[in-house]
Amino acid sequence: MILSARDIFKSYKDSDQVIEVLKGASLEVSSGDLICITGKSGCGKSTLLYILGLLDAPDKGELEIAGKMIDSRSNLAHEFRNRDLGFVFQFHYLIEDLTATDNVMLPQLILGKSEGAARKRAQELLDYLGLSHRLDRYPNQLSGGEQQRVSLARALANDPKLVLADEPTGNLDPAHSSEVWKMIRDLNKELDQSFVIVTHDHEAAMQANKVYELSEGVLRQDG
Ligand SMILES: Nc1ncnc2c1ncn2[C@@H]1O[C@H](COP(=O)(O)OP(=O)(O)OP(=O)(O)O)[C@@H](O)[C@H]1O
Ligand SMILES: [Mg+2]
């Protein structure tokens, strides 16, 4: 087991009212899982992914990672987030004044890898994702699909145990979307890379080994 979330609660205070978003959501992620989470807009998918990724703390509930209970605000959580988790954000957040290669190098340099090793790894990944001819482009010189693949490369840069992706194909046309899904599936099959992916795309979700729907603050497994 890579990660287990039990009975996660999260609410937001909005001026005078409290919005309860998560009301006891639970999820277990095992090594090699390709998990998809679907659900209506605004139901709390991004909120849940941020909590699973230790980027935000739940109000209540337990997170267990690699057999240890984790407080999202602790140093251990910080370490785990940098070393073992990769993120593909809903709005991809590539750094605009860094090239594709430099964007993929950055998380590696943060972990203390040498520049040479980080560059080599970045180029291998971008090559694997079909971007060897785009290494020195800046994000605004890349198509939406290319940017999304750079984001995926960045998420994979430190060989994370788990990649958390929030609508990684959200801005793509069907052709580019199926291209990115194929890469996700190949990474999962060939390299046993684990994923938790939020998506609206029910057809793509069919490729997952587990599919959940988030509704009324809890996760229910489909099928
Ligand atoms: N920082 C915040 N403060 C107040 N309310 C918030 C905050 N972040 C999210 N919300 C609210 O919490 C709910 C869940 O938001 P969230 O972004 O998790 O939804 P989502 O399922 O990812 O939606 P989408 O599919 O549109 O991306 C929404 O009603 C949203 O308006
Ligand atoms: Mg969202």
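Numbering of ligands and ligand atoms starts at 1, following listing order. Atom set for the values below is all heavy atoms of this structure, side chains included, hydrogens, waters and symmetry mates excluded.
- Atom CD1 of I2 is separated from atom CD1 of I65 by 10.0 Å, given to the nearest 0.5 angstrom.
- Using a cut-off of 4.0 Å between Lys/Arg side-chain N and Asp/Glu carboxylate O, K10 and D56 are scored as salt-bridged.
- Residues D33 and N209 have side chains that bring a donor and an acceptor to within less than 3.5 angstrom of each other.
- Every atom of ligand 1 is numbered from 1 in the order shown, and the set under 4.0 Å from a heavy atom of G44 is 14 (C), 16 (P), 18 (O), 19 (O), 20 (P), 21 (O).
- Remark: minimum distance from atom 16 (P) of ligand 1 to any protein heavy atom is reached at T47 OG1, 3.6 Å.
- Within the 4.5 Å cutoff, no side-chain heavy atoms of Y50 are placed close to those of F87.
- Rounded to the nearest 0.5 angstrom, W181 CH2 and E179 CD are separated by 14.0 Å.
- With hydrogens left out, the protein atom closest to atom 27 (O) of ligand 1 is Q90 NE2, 3.0 Å, a heavy atom.
- Side-chain contact check for N103 versus P139: some heavy-atom pair is nearer than 4.5 Å.
- Per-atom contact check: atom 31 (O) of ligand 1 does not touch the protein, criterion being a heavy-atom distance below 4.0 Å.
- The Mg ion (ligand 2) has an N, O or S atom of S46 closer than 2.8 Å.
- Residue-ligand proximity: G39 is placed with every non-hydrogen atom at 4.0 Å or more from ligand 1.
- Contacts between V21 and ligand 1 below 4.0 angstrom, taking non-hydrogen atoms only, involve the side chain exclusively.
- Remark: ligand 1 and G42 share an N or O pair separated by less than 3.5 Å (distance only, no angle test).
- What sits closest to atom 26 (O) of ligand 1 on the protein, heavy atoms only, is S41 OG, 2.6 Å.
- Between E213 and R220, none of the side-chain N atoms (NZ, or NE/NH1/NH2) sits under 4.0 Å from a carboxylate O, so this pair counts as no salt bridge.
- For atom 25 (O) of ligand 1, the nearest protein heavy atom (residue, atom name, distance) is K45 NZ, 2.7 Å.
- Atom 14 (C) of ligand 1 is approached by the protein to below 4.0 angstrom, counting heavy atoms only.
- For atom 4 (C) of ligand 1, the closest non-hydrogen atom of the protein is Y12 CB, 3.4 Å.
- The shell of residues lying under 4.0 angstrom from ligand 1, judged by heavy atoms, excludes K13.
- Residues T199 and I37 have side chains not in contact (no heavy-atom distance under 4.5 Å, counting atoms from C-beta outward).
- Between E64 and K68, no side-chain nitrogen of the basic residue sits less than 4.0 Å from a carboxylate oxygen of the acidic one, so the salt-bridge criterion is not met.
- Shortest contact from atom 17 (O) of ligand 1 to any protein heavy atom: S46 CB, 3.7 Å.
- Heavy-atom proximity to E167, at under 4.0 Å, picks out these atoms of ligand 1: 25 (O), 27 (O).
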